[in-house]
S.K.: 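There's a structure below that I have some questions on.
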2 protein chains.
Amino acid sequence: MSHPKTITVDEAVVNCCSPIGAGALSELEAGDMAQIFGALSDPARLRMLSLIASEDEVCSCALEEPLGKSQPTISHHTRILAEAGLIAGEKRGRWMWWRVVPERLKVVARILSE
Amino acid sequence: MSHPKTITVDEAVVNCCSPIGAGALSELEAGDMAQIFGALSDPARLRMLSLIASEDEVCSCALEEPLGKSQPTISHHTRILAEAGLIAGEKRGRWMWWRVVPERLKVVARILSE
DNA sequence: TCATACTATTGACAACAGTCAATGTATTCA
DNA sequence: TGAATACATTGACTGTTGTCAATAGTATGA
């Protein structure tokens, strides 16, 4: 759609979120940012994210055991992290492989550090 | 209590939270981090934080109108932000004055950028 | 085509969170 | 002392969220 550039990440992922100290947030922007932080606001999802961030790629099937949650719960959480743009998944064969989106993490970090 | 040093912020505020990519998080650490992100996961609180961060100090009474929320709701949200260590308040006369805790924001940023 | 394996979706339920009216507490000022 | 003001707490209501069992979807391999 429109004019894709040479970057591989969606523009909306990076082109987002002014720093918290740069004047009052609009309701819209606050809502978008709240979604991201909401994705990070659950212990299971944070541990999941740290597991994925510690490897290049992690299979969904490799998350159930360390997190001690059922398969539907794992699927639920990966979905929320993905919708927030924090991880991205690719299906290969029967397996779903997840990796973090470092650009997105940096965006969130920048919100708080400027 | 114990031996206060020359820093003005509580140690627990800064001495917290290993980066997300540095190996699997413990359940305890994940819980602590989830509390912080939970405080940031509401649009009203984010707008509130941005209002406070844009000034040196902001009175509770100055938040009701721009946020369009009732006084108890404002009080509820400031409490949650304060419990997460993101803002600190001081009562002077009848007024409660809030300011951000920049060290805490930096801690959270570091979680995501390392 | 059938059986198996990995993931997603649905439905249900309990726990939690955001909101406000009513009330309580503390401070200022007459 | 009393009235007024700013904030906190309580209680109630509603909507959201985390969880899992059951089920559906999809890919692999015999």
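All chains are named by letter (A, B, ...) in the order of the sequence lines, taking the proteins before the strands, and each is independently numbered beginning at 1. Below, each value reflects all heavy atoms present in this structure, side chains not excepted, and no hydrogens, waters or symmetry copies.
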S.K.: Kindly indicate whether the side chain of I74(B), heavy atoms from C-beta on, has any atom under 4.5 Å from the side chain of M48(B).
M.R.: yes
S.K.: Give the rounded distance in Å between these two atoms: CD of E65(A) and C1' of dC6(C).
M.R.: 17 Å
S.K.: Taking atom C1' of dT5(D) as reference, at what distance in whole Å does atom CE of M96(B) sit?
M.R.: 16 Å
S.K.: Taking the side chain as C-beta and beyond, is there a heavy-atom pair between L25(B) and L49(A) under 4.5 Å?
M.R.: no
S.K.: Please list, chain by chain and in numerical order, all residues satisfying side-chain hydrogen bond (donor to acceptor under 3.5 Å, both in side chains) with S18(B), sequence neighbours excluded.
M.R.: E29(B)
S.K.: So if I take residues 25-55 of chain B and measure heavy-atom distances to DNA chain D, which residues fall below 4.0 Å?
M.R.: none
S.K.: Are there over 12 heavy-atom neighbours, none belonging to E27(B), within less than 6.0 Å of that residue's CD?
M.R.: no
S.K.: May I have the distance from E83(B) (atom CD) to dA8(D) (atom C1'), rounded to whole angstrom?
M.R.: 13 Å
S.K.: Would you indicate whether the side-chain heavy atoms of E83(A) and Q35(A) approach each other to under 4.5 Å?
M.R.: yes
S.K.: For DNA chain C, what residues of residues 69-82 of chain A have any heavy atom nearer than 4.0 Å?
M.R.: Q71(A), P72(A), S75(A), R79(A)
S.K.: Going 5' to 3' along nucleotides 24-30 of chain C, which nucleotides have protein heavy atoms under 4.0 Å from the base (write B), which only from the sugar-phosphate (write S), and which from neither (write -)?
M.R.: ---BB--
S.K.: Contact between V108(B) and F37(B) at the side-chain level, heavy atoms closer than 4.5 Å - yes or no?
M.R.: yes
S.K.: Side chains of P102(B) and K106(B): does their closest heavy-atom pair fall under 4.5 Å?
M.R.: yes
S.K.: Give a yes or no on whether the backbone of S50(A) and the side-chain of S54(A) come within a donor-acceptor separation of less than 3.5 Å.
M.R.: yes
S.K.: Return a table of donor-acceptor pairs under 3.5 angstrom between the side chains of residues 57-69 of chain B and protein atoms on other chains or two or more places apart.
M.R.:
residue, atom, partner, partner atom, Å
E57(B), OE1, R92(B), NH2, 2.9
E57(B), OE2, R92(B), NH1, 3.4
S60(B), OG, W98(B), NE1, 2.8

S.K.: Between I111(B) and P19(B), is any pair of side-chain heavy atoms under 4.5 Å apart?
M.R.: no
S.K.: Kindly give the cluster partners of I80(A), where membership spreads through any ILVMFWY side chain lying under 4.5 Å from a current member.
M.R.: none
S.K.: Taking atom P of dT19(D) as reference, at what distance in whole Å does atom CD of E64(A) sit?
M.R.: 13 Å
S.K.: Rounded to whole angstrom units, what separation is found between the CG atom of L63(A) and the P atom of dT19(D)?
M.R.: 14 Å
